[in-house]
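Working notes for the structure below.
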Amino acid sequence: MRMSAKAEYAVRAMVQLAAVGDGDLVKTDDLAKAQGIPSQFLVDILSDLRTDRLVRSHRGRDGGYELARAAEEISIADVLRCIDGPLASVRDIGLGDLPYSGPTAALTDVWRALRASMRSVLEETSLADVACGKLPSHVAKLAGAYLSQEEQRGHG
């Protein structure tokens with residue numbers, strides 16, 4: 001999976017919104033400044049998030065943005081799908097329609113396993129989990145294992 005800058009910015013913006021109090025509105029410029037996101041780029045991102053009903057906007061001098069649902073109800077996967085589409089795809093072809101045969105036939109199951117693995121992390125991690133720094137235990141365990149592997153390789 002390669003995450004676009006737009007998707008990464010969207011996740012950061014959404015986590016920032018999750019960290020503010022319920023009912024508190026955040027202005028685009030404040031959100032951009034808090035996360036170091038180019039303001040005009042953020043306007044486009046927020047428009048996509050609003051279209052997918054992940055954020056609500058309020059006009060006026062005291063307006064701004066807020067999450068459309070509770071942070072616990074919005075997964076990282078929801079945000080990524082809004083911006084970049086499906087989490088894991090192979091040439092935009094359905095996994096059941098891939099033209100694999102012979103020794104490559106099992107690749108379809110490899111891609112299915114990859115998609116399932118990504119879903120188990122991204123769909124089960126909410127904005128609230130990230131904002132409060134308390135990730136689901138299986139996600140924290142995977143992150144810890146990755147860090148250990150990187151340290152063993154000398155990349156830590």
Side-chain angles (χ1 to χ4, degrees), residues 1-100 107-144 146-147:
M1 172 186 171
R2 185 175 191 285
M3 187 183 312
S4 69
K6 186 176 181 182
E8 192 259 344
Y9 285 159
V11 171
R12 288 171 44 200
M14 292 293 282
V15 170
Q16 186 71 35
L17 288 173
V20 302
D22 285 341
D24 289 343
L25 301 177
V26 181
K27 296 190 180 310
T28 305
D29 287 342
D30 294 338
L31 192 53
K33 192 177 296 178
Q35 287 300 316
I37 301 170
S39 192
Q40 191 52 49
F41 201 27
L42 183 58
V43 168
D44 294 340
I45 291 167
L46 290 168
S47 176
D48 290 344
L49 294 168
R50 190 177 66 242
T51 298
D52 257 21
R53 295 187 170 114
L54 294 175
V55 298
R56 280 193 294 261
S57 63
H58 301 270
R59 295 178 182 247
R61 191 171 62 88
D62 295 325
Y65 286 87
E66 67 179 339
L67 296 178
R69 301 189 310 261
E72 296 82 9
E73 297 174 12
I74 302 173
S75 72
I76 301 300
D78 293 331
V79 179
L80 295 177
R81 282 191 189 105
C82 169
I83 302 299
D84 281 348
L87 295 178
S89 62
V90 179
R91 299 184 293 141
D92 295 326
I93 299 173
L95 292 181
D97 296 326
L98 290 169
Y100 298 154
L107 275 176
T108 303
D109 285 338
V110 172
W111 304 148
R112 284 184 179 116
L114 173 64
R115 187 175 283 174
S117 175
M118 288 175 44
R119 283 181 177 169
S120 79
V121 172
L122 299 173
E123 289 181 355
E124 297 173 25
T125 304
S126 72
L127 297 176
D129 295 332
V130 178
C132 75
K134 187 161 173 30
L135 301 178
S137 60
H138 72 288
V139 175
K141 184 178 177 182
L142 286 169
Y146 179 86
L147 282 173

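Just so it is clear, the model here is predicted, and its values are computed rather than measured.
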Enumerate donor-acceptor pairs with a distance under 3.5 Å from any side-chain N or O in residues 124-133 to protein atoms, sequence neighbours excluded.
unit_1, atom_1, unit_2, atom_2, d
E124, OE1, H138, NE2, 3.3
T125, OG1, V121, O, 2.6
S126, OG, A128, N, 3.3
S126, OG, D129, N, 3.0
S126, OG, D129, OD1, 3.4
S126, OG, D129, OD2, 3.2
D129, OD2, S126, N, 2.8

Quick one: salt bridge (Lys or Arg N to Asp or Glu O under 4.0 Å) partners of R119, sequence neighbours excluded?
E123
Any ring pair (Phe, Tyr, Trp, His ring centres under 6.0 Å) pairs touching residues 4-35, not counting sequence neighbours?
Y9-F41
Indicate the atoms forming the closest heavy-atom contact of A7 with L80, along with that distance.
CB-CD2, 3.8 Å
Sequence neighbours excluded, which residues qualify as side chain to side chain contact (heavy atoms under 4.5 Å, CB included) partners of D52?
L54, C82
Output all residues satisfying salt bridge (Lys or Arg N to Asp or Glu O under 4.0 Å) with R56, sequence neighbours left out; order by chain, then residue number.
E66
Donor-acceptor under 3.5 Å (S47 side chain, V43 main chain)
no
Could you list the residues that satisfy salt bridge (Lys or Arg N to Asp or Glu O under 4.0 Å) with D78, not counting sequence neighbours?
R69
With a 3.5 Å cut-off and sequence neighbours excluded, list the donor-acceptor pairs that the side chains of residues 26-34 form with protein atoms.
unit_1, atom_1, unit_2, atom_2, d
K27, NZ, R61, O, 2.6
K27, NZ, G63, O, 3.1
D29, OD1, S39, OG, 3.0

Inter-residue atom distance D109.CG - L114.CG, 0.5 Å rounding:
12.5 Å
Which pairs, with at least one residue in residues 61-82 and sequence neighbours excluded, count as a ring pair (Phe, Tyr, Trp, His ring centres under 6.0 Å)?
none
Heavy-atom side-chain contact between M14 and V55 under 4.5 Å
yes
Of all heavy-atom pairs linking L122 and S75, the shortest is O-CB, 3.5 Å
side-chain hydrogen bond (donor to acceptor under 3.5 Å, both in side chains) against S117, all qualifying residues, sequence neighbours excluded
none
According to side-chain hydrogen bond (donor to acceptor under 3.5 Å, both in side chains), who are the partners of E8, at least two apart in sequence or on a separate chain?
R12
